[in-house]
A.B. asks: 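Here it is, the structure, as structure tokens.
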Amino acid sequence: MTDLTRMTATDLAGLVASGETSAAEVTRAHLDRIAAVDDRVHAFLHVDTEGALAAARAVDERRAAGEQLGPLAGVPVAVKDVLTTKGVPTTVGSKILEGWRPPYDATIVQRLRAAGTVMLGKTNMDEFAMGSSTEYSAYGPTHNPWDTDRIPGGSGGGSAAALAAYEAPLAIGSDTGGSIRQPGAVTGTVGAKPTYGGTSRYGLVAFSSSLDTPGPCARTVLDAALLHQVIGGHDPRDSTSIPQPVPDVVAAAKLGATGDLTGVKLGIVKEFTGEGAEPGVMAAFRESVDTLAKLGAEIVEVSCPHFRYALPAYYLIAPSECSSNLARFDGVRFGLRVGDDGNRSLEEVMSLTREAGFGAEVKRRIMVGTYALSSGYYDAYYGQAQKVRTLITRDFTAAFEQVDALISPTTPFVAFPIGARTADPYQMYLADLFTIPTNLYGGPGISVPCGLSEGLPVGLQVMAPTMADDRMYRVAAALESVVGTFTPPAL
Ligand code: GLN
């Protein structure tokens, strides 16, 4: 039989449903692959071998009993370590949660289990999802399967690398400023950020609550859509969850795969001039624009004049929210506690714990956020940033009166060498130049592989109006039907 780890989730689910293979066999194949390559990739922080095999056996028993299985039953999935998993370590890539085993599952994890998917383990990430390269993980970097001396993107580099290295056919990420799409782009995989509120944040360790959006990662657009369908939809336990059904993203991906975009109007953002982007990335993007036009899409230029302020606004809003959210890591309630020798005050123990438990980037964000929110500076920084956010939202609204979706490169550059951008935080922040506007607006965005530059993958981003997630899947699947999927040179 062909190597099970090379198959799509769609095909694996079909083989399990028909009885040609078992969920246990599929799971063992992926666990073996992890054992063979993950010392070089380091996509996983924790592999739940026993839990995965037990979940797989349960699916096989249900099938044997004649139960109707869901569309992804028996398919393994890797989960970013930002989501709580009952009894399974959850660190958020931070020392401050080392050893913590949550007493409950995130809603998304519950839905994954109910759908009969098999959780392989937890994937590496930048600490608290702050970063663009997975180099800020307290547990060491993840390596890009295309070139293990390079970064796999971030913050969800572990999930994307697990897909590209064929360690998992599906993965979950979270996107606050680009952390699903950007790793997708630089690993040649697909990453979708759903509409904010379209996927539940219950059990997602909070970074910036008004931006955080969990979502699907896969090697094909259809697989991402199937996963989106399983995890998405209203959750009464998340107050910002949208009480509406997920648009039919699976049907949209299938429609797109026919390669016909007649009647679809796509906008190129005039202000994304390509300044600061690599020529090879822009060349691959332009070629994809031609491809989309050949498939029948009408391409027009639209102006979004406030997008140029998105990065500075984001880097006030996200740290502000993080400074508040991360106050709960105090050495009392979860994980690490330092200096509690019976002689120190509560404040001293908290301070020692936070000093030892948080890395440099997390501390930098907490300090920036605390400053931006302090009385006297609130209006000058946080207040201004919120106004800019409104202006960016208006840019999107106006653009979507003219076009069905916007397209851009996903990232300004291909995967860079490990260590190349850690010295200057601003250089790291630039990685999310094209992805951040969508987060500030709240709409959905997807990255789909669109070509190579110097032998490394380039992603194209499709951005759609809020609750029109189906549109981006259609466009992405149409492009994929021409350019195909991408396989890294053998690991
Ligand atoms: N790179 C951005 C940041 O560091 C986005 C991270 C994310 O989407 N979680 O904040």
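Residues take their numbers from the sequence shown, with the count starting at 1.
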A.B. asks: Heavy-atom distance under 4.5 Å between the side chains of V118 and V75, does that happen here?
C.D. replies: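 A side-chain contact is absent here, since even the closest heavy-atom pair is not under 4.5 Å.
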A.B. asks: Looking only at the side chains, is there a donor atom on one of T187 and N144 sitting less than 3.5 Å from an acceptor on the other?
C.D. replies: no
A.B. asks: Taking CZ in R111 as the centre, count heavy atoms belonging to other residues, nucleotides or ligands within less than 6.0 Å. Is the count above 12?
C.D. replies: yes
A.B. asks: For the residue pair T85 / T90, report whether a side-chain donor-acceptor contact shorter than 3.5 Å exists.
C.D. replies: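 Checked: T90/T85 side chains pair up, N/O donor to acceptor below 3.5 Å.
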A.B. asks: Over 60° means perpendicular and under 30° means parallel, so tell me whether F486 and W146 are parallel, tilted or perpendicular.
C.D. replies: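 Tilted, since the angle between the ring planes falls between 30° and 60°.
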A.B. asks: How about E321 and S210: does a side-chain donor come under 3.5 Å of a side-chain acceptor?
C.D. replies: yes
A.B. asks: Taking atom types as modelled and ignoring hydrogens, do the side chains of R365 and S323 form a donor-acceptor contact shorter than 3.5 angstrom?
C.D. replies: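 Distance-only check fails for R365 and S323.
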A.B. asks: Between H228 and Y473, is any side-chain donor less than 3.5 angstrom from a side-chain acceptor?
C.D. replies: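 H228 vs Y473: donor-acceptor pair found between side chains.
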A.B. asks: Can you tell me if E361 uses its side chain to pair, donor with acceptor, with the backbone of M130 under 3.5 Å?
C.D. replies: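 No, because the side chain of E361 does not come within donor-acceptor range (under 3.5 Å) of the backbone of M130.
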A.B. asks: Going through the distances and angles, do Y441 and T397 end up as a side chain to side chain donor-acceptor pair (under 3.5 Å)?
C.D. replies: CA-CA 9 Å; Y441 157 61; T397 312; 5.6 Å; no
A.B. asks: Has Y381 got more than 12 heavy atoms of other residues, nucleotides or ligands less than 6.0 Å from its OH?
C.D. replies: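 Counting neighbours around OH of Y381, 12 or fewer heavy atoms of other residues, nucleotides or ligands fall under 6.0 Å, so no.
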A.B. asks: Side chains of T422 and E135: any donor to acceptor distance under 3.5 Å?
C.D. replies: no
A.B. asks: Assess the side chains of Y314 and S208: does a donor N or O sit below 3.5 Å from an acceptor N or O?
C.D. replies: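 Side chains of Y314 and S208: no pair found under 3.5 Å.
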A.B. asks: I'd like to check L292 versus L479 (side-chain heavy atoms, cut-off strictly below 4.5 Å). Are they in contact?
C.D. replies: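 Side chain of L292 against side chain of L479, heavy atoms only: contact under 4.5 Å found.
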A.B. asks: For K363, does the NZ atom have more than 12 heavy-atom neighbours from other residues, nucleotides or ligands under 6.0 Å away?
C.D. replies: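 Yes, the 6.0 Å shell around NZ holds more than 12 heavy atoms from other groups.
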A.B. asks: Inspect the surroundings of CD in Q386 and state if more than 12 heavy atoms from other residues, nucleotides or ligands are less than 6.0 Å away.
C.D. replies: yes
A.B. asks: Less than 4.5 Å apart, any side-chain heavy atom of F396 and any of L440?
C.D. replies: no
A.B. asks: When you compare the side chain of E278 with that of P412, does any pair of heavy atoms fall below 4.5 Å?
C.D. replies: no
A.B. asks: With no hydrogens and no angle check, is any side-chain donor or acceptor of E127 less than 3.5 Å from a backbone partner on G359?
C.D. replies: yes
A.B. asks: Relative to the ring of Y378, is the ring of Y382 parallel (under 30°), tilted (30 to 60°) or perpendicular (over 60°)?
C.D. replies: tilted
A.B. asks: Drop me the distance from T84's OG1 to Y202's OH, to the nearest 0.5 angstrom.
C.D. replies: 7.5 Å
A.B. asks: Give a yes or no on whether the backbone of S320 and the side-chain of S324 come within a donor-acceptor separation of less than 3.5 Å.
C.D. replies: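 Side chain of S324 to backbone of S320, a donor-acceptor pair under 3.5 Å: no, none is there.
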A.B. asks: Without swapping roles, check the side chain of D126 against the backbone of G154 for a donor-acceptor pair under 3.5 Å.
C.D. replies: no
A.B. asks: Pairing donors with acceptors under 3.5 angstrom, does anything connect the side chains of N439 and D175?
C.D. replies: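 Yes, side-chain donor-acceptor contact under 3.5 Å.
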A.B. asks: For the residue pair S200 / D235, report whether a side-chain donor-acceptor contact shorter than 3.5 Å exists.
C.D. replies: yes
A.B. asks: For the residue pair F413 and F416, does the interplanar ring angle fall in the parallel (under 30°), tilted (30 to 60°) or perpendicular (over 60°) class?
C.D. replies: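 Perpendicular, since the angle between the ring planes exceeds 60°.
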A.B. asks: Mind telling me whether F128 and F358 have parallel, tilted or perpendicular rings, with 30° and 60° as the class edges?
C.D. replies: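 Perpendicular: the ring planes of F358 and F128 meet at over 60°.
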A.B. asks: Please check if the side chain of R33 supplies one atom and the backbone of A165 the other of a donor-acceptor pair under 3.5 Å.
C.D. replies: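 Side chain of R33 to backbone of A165: a pair is present.
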A.B. asks: Do T240 and Y196 meet the criterion of a side-chain donor-acceptor pair at a distance under 3.5 Å?
C.D. replies: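 Yes, a side-chain donor-acceptor pair sits under 3.5 Å.
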A.B. asks: Distance only, no hydrogens: is a donor on one side chain within 3.5 Å (strictly under) of an acceptor on the other, for T411 and Q182?
C.D. replies: no
A.B. asks: Side chains of S174 and K80: any donor to acceptor distance under 3.5 Å?
C.D. replies: yes
A.B. asks: For F334, look at atom CZ and say whether over 12 heavy atoms of other residues, nucleotides or ligands are found less than 6.0 Å away.
C.D. replies: yes
A.B. asks: Between H143 (side chain only) and T148 (backbone N and O only), is there a donor and an acceptor less than 3.5 Å apart?
C.D. replies: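 Yes.
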A.B. asks: Tell me whether the rings of F307 and F272 are parallel (<30°), tilted (30 to 60°) or perpendicular (>60°).
C.D. replies: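 F307 and F272: tilted rings.
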A.B. asks: Got a sec: does the CD of E301 have more than 12 other heavy atoms crowding it under 6.0 Å?
C.D. replies: yes
A.B. asks: Rounded to the nearest 0.5 Å, how far does OH of Y136 lie from CE of M125?
C.D. replies: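 The CE atom of M125 sits 14.5 Å away from the OH atom of Y136.
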A.B. asks: To the nearest 0.5 Å, what is the distance between OG (S133) and CD (Q427)?
C.D. replies: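 It is 12.5 Å, given to the nearest 0.5 Å.
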A.B. asks: Is it true that D223 and T10 share a donor-acceptor pair across their side chains at a distance under 3.5 Å?
C.D. replies: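 Checked: T10/D223 side chains pair up, N/O donor to acceptor below 3.5 Å.
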A.B. asks: We want to know whether E271 and S303 form a side-chain donor-acceptor pair, criterion being a heavy-atom distance below 3.5 angstrom.
C.D. replies: yes
A.B. asks: Consider only side-chain N and O atoms of T142 and T134, and report whether a donor and an acceptor are under 3.5 Å apart.
C.D. replies: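 Side-chain D/A pair, T142 to T134: absent.
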A.B. asks: How close do D404 and P465 get, counting heavy atoms only, and between which atoms?
C.D. replies: O-CD, 3.5 Å
A.B. asks: I'd like to know if the side chain of T438 and the backbone of G445 have a donor-acceptor N/O pair within less than 3.5 Å.
C.D. replies: no
